[in-house]
Amino acid sequence: MFIVELTYVKSLDEIDRLREAHVAFLKKYYEKGIFLLSGPKNPRKGGIIIAGKVSKTDLELLLSEDVFFINKAAEYRIQEFHVTLSAENADSFLYDKPN
């Protein structure tokens with residue numbers, strides 16, 4: 001599995017202009033079962049993508065399709081890790097719940 005950390009290098013106005021195309025890119029790889037989780041960092045200086053079922057070489061290749069990459073709006077750092085343990089109810093922690 002991989003943690004992909006995006007760091008914005010352009011203004012939030014530019015990020016917002018590209019966001020719709022970025023989300024379409026994300027959805028493409030959710031549908032293929034490669035992306036598992038994603039979302040913006042807080043504070044909003046980039047984002048995180050959790051990916052699985054892909055080699056690092058293939059992940060680098062598919063990330064080059066992202067509009068943020070194409071427009072040099074974000075830098076990417078990829079960290080591979082191997083899951084050895086997980087909580088039995090790990091899926092219950094995946095999404096923010098309203099208070």
Side-chain angles (χ1 to χ4, degrees):
M1 292 190 80
F2 298 91
I3 299 171
V4 180
E5 181 181 18
L6 286 73
T7 301
Y8 300 146
V9 294
K10 291 200 174 175
S11 71
L12 287 179
D13 287 340
E14 178 70 3
I15 296 300
D16 288 341
R17 186 183 72 76
L18 299 170
R19 186 176 183 283
E20 186 175 327
H22 172 69
V23 171
F25 158 78
L26 293 171
K27 287 180 179 181
K28 174 181 177 180
Y29 289 101
Y30 273 107
E31 290 171 6
K32 293 180 183 251
I34 294 172
F35 291 165
L36 307 172
L37 301 165
S38 62
K41 293 191 277 187
N42 186 16
R44 191 172 169 221
K45 295 182 179 182
I48 300 290
I49 301 168
I50 306 295
K53 294 186 181 181
V54 66
S55 70
K56 185 173 183 182
T57 301
D58 288 343
L59 179 59
E60 290 170 336
L61 186 61
L62 69 88
L63 288 171
S64 71
E65 299 173 19
D66 186 6
V67 68
F68 287 173
F69 180 89
I70 293 165
N71 288 276
K72 296 180 172 74
E75 295 176 344
Y76 298 72
R77 186 174 70 87
I78 300 170
Q79 178 63 58
E80 185 172 5
F81 74 102
H82 300 280
V83 176
T84 56
L85 293 171
S86 67
E88 201 172 298
N89 60 340
D91 61 333
S92 68
F93 295 98
L94 296 181
Y95 300 99
D96 291 336
K97 306 262 194 276
N99 292 336

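The basis for the numbers below is simple: all heavy atoms, side chains too, and nothing from hydrogens, waters or symmetry mates.
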With hydrophobic residues grouped by side-chain heavy-atom distances under 4.5 Å, do Y76 and L12 end up in a single group? yes
Enumerate, atom names and distances included, each donor-acceptor pair closer than 3.5 Å involving a side-chain atom of residues 18-25, sequence neighbours excluded.
| residue | atom | partner | partner atom | Å |
| --- | --- | --- | --- | --- |
| H22 | ND1 | D66 | OD1 | 2.9 |
| H22 | ND1 | D66 | OD2 | 3.0 |

N/O donor-acceptor pairs under 3.5 Å from side chains in residues 40-57, not counting sequence neighbours:
| residue | atom | partner | partner atom | Å |
| --- | --- | --- | --- | --- |
| K41 | NZ | E5 | OE2 | 2.9 |
| K41 | NZ | L6 | O | 3.3 |
| R44 | NH1 | D16 | OD1 | 3.3 |
| R44 | NH2 | D16 | OD1 | 2.4 |
| S55 | OG | D58 | N | 3.0 |
| S55 | OG | D58 | OD2 | 3.4 |

Hydrophobic clusters here meaning ILVMFWY residues chained together by side-chain heavy-atom distances under 4.5 Å, can you tell me if V83 and F2 are in one? no
Test of understanding: clusters of I, L, V, M, F, W, Y form through side-chain heavy atoms closer than 4.5 Å, transitively. Do V9 and I70 belong to the same one? no
Kindly write out the residues that satisfy side chain to side chain contact (heavy atoms under 4.5 Å, CB included) with N89, not counting sequence neighbours, or none if the list is empty. A87, S92, F93
Testing L36, L59, L62 one by one against Y29 for a side-chain contact (heavy atoms from CB on, under 4.5 Å), which residue passes? L62
If a pair satisfies salt bridge (charged side-chain N to carboxylate O under 4.0 Å, His left out) and one of its residues is in residues 21-31, list it, with sequence neighbours excluded. K28-E65
Let's go through R77 and T7 carefully: what are the C-alpha distance in whole Å and the side-chain angles of both, what is the deciding distance for side-chain contact (heavy atoms from CB on, under 4.5 Å) to 0.1 Å, and is it a yes or a no? CA-CA 8 Å; R77 186 174 70 87; T7 301; over 6 Å; no
Under the side chain to side chain contact (heavy atoms under 4.5 Å, CB included) test, which residues partner S64, sequence neighbours left out? L61, F69
With ILVMFWY side chains joined below 4.5 Å, transitively, what does L85's cluster contain besides itself? none
F35 and Y30: which non-hydrogen atoms are nearest, and at how many Å? O-CD2, 3.1 Å
How far does NE2 of H82 sit from CE of M1, to the nearest 0.5 angstrom? 11.5 Å
